[in-house]
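Reviewing the structure listed below.
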Amino acid sequence: DTEVTQTPKHLVMGMTNKKSLKCEQHMGHRAMYWYKQKAKKPPELMFVYSYEKLSINESVPSRFSPECPNSSLLNLHLHALQPEDSALYLCASSQGGSHLNTEAFFGQGTRLTVV
Amino acid sequence: DQQVKQNSPSLSVQEGRISILNCDYTNSMFDYFLWYKKYPAEGPTFLISISSIKDKNEDGRFTVFLNKSAKHLSLHIVPSQPGDSAVYFCAAGAAGNKLTFGGGTRVLVKP
């Protein structure tokens, strides 16, 4: 199983809503990531979890709140988002640990629209 | 400050010919480099990687070359196929599991 599964595939939310994006992998990877990608731009790193601990936060606004309940799951909680937060949100995982720079496997993404 | 740059936003190549995609980086701390392929509305798919201790890595039709002194890497696709039409991102990794992506090159392979 080399899949990273993200749900939902599409999400439309209002600026006062609270929603969560979910990501799951069963490859035994110990590093998991959230990226944000706007149209015609490269993915931008938001957060990195290594061994279920937050290791990198790229100065992401607090309206985005990551959570790693266990080594297979990664959530991104959304609250009071702005229309400019509309983007494709990508989850990825890699072996992590001592293999810091192995390839990251990406999920299909959640297309988020904030109205 | 773009640490990873792909200076060609697009590339058009005839089926069966070679596609060469280029990527330049500025951060000498990068020690691992990857190429991803992306179709519209999908997540990037890993293609091939190379660590800084090598200068070439080959996997089927895909070969990545690394020139550390020039801080340059390239991806060769031989022969190019219509299914290779996609956006290709190079990415560079440093300690801490942080990947930095280039801006992407859109490849169109014409039958």
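In the text below, chain A, chain B and the rest are named by the order of the sequence lines, each starting its count at 1. This one's a predicted model, so the numbers in the text were calculated from it and none came from an experiment.
Both F62(B) and V13(B) belong to a common hydrophobic cluster when Ile, Leu, Val, Met, Phe, Trp and Tyr are linked at side-chain heavy-atom distances under 4.5 angstrom. Grouping the Ile, Leu, Val, Met, Phe, Trp and Tyr side chains by contacts below 4.5 angstrom, directly or via other members, places V114(A) with V60(A). Each of Y39(B) and V107(B) belongs to its own hydrophobic cluster when Ile, Leu, Val, Met, Phe, Trp and Tyr are linked at side-chain heavy-atom distances under 4.5 angstrom. M15(A) is connected to M13(A) through a chain of hydrophobic side-chain contacts under 4.5 Å among Ile, Leu, Val, Met, Phe, Trp and Tyr, so both are in one cluster. Residues L11(A) and Y89(A) are members of one and the same hydrophobic cluster, defined by side-chain heavy-atom contacts under 4.5 angstrom among Ile, Leu, Val, Met, Phe, Trp and Tyr.
Considering all non-hydrogen atoms of both residues, F89(B) and Q37(A) come closest at CZ-NE2, 3.5 Å. Looking at every heavy atom in both residues, L88(A) comes nearest to K38(B) through CD2-NZ, 4.0 Å. Closest approach of L34(B) and A104(A) over heavy atoms only: CD2-N, 4.3 Å.
Residue E58(A) touches chain B through its side chain alone, counting heavy-atom pairs closer than 4.5 Å.
Ranked by heavy-atom pairs under 4.5 Å with chain A, the first of A91(B), S49(B), P44(B) is P44(B).
Within a 6.0 Å sphere centred on CZ of R106(B), heavy atoms belonging to other residues, nucleotides or ligands number 12 at most. The local environment of NZ in K38(A) is crowded, with over 12 non-hydrogen atoms from other residues, nucleotides or ligands closer than 6.0 Å.
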Begin from the C-alpha positions of Y33(A) and L99(B) and carry the test side-chain contact (heavy atoms from CB on, under 4.5 Å) through to its verdict.
CA-CA 10 Å; Y33(A) 313 74; L99(B) 275 181; 5.7 Å; no
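Ring geometry, F46(B) versus F105(A): the interplanar angle falls from 30° to 60°, so the pair is classed tilted.
To the nearest 0.5 Å, atoms CZ (R111(A)) and CD (E42(B)) are separated by 11.5 Å.
Ring centroids of F106(A) and Y36(B) are separated by less than 6.0 Å, placing the two rings close together.
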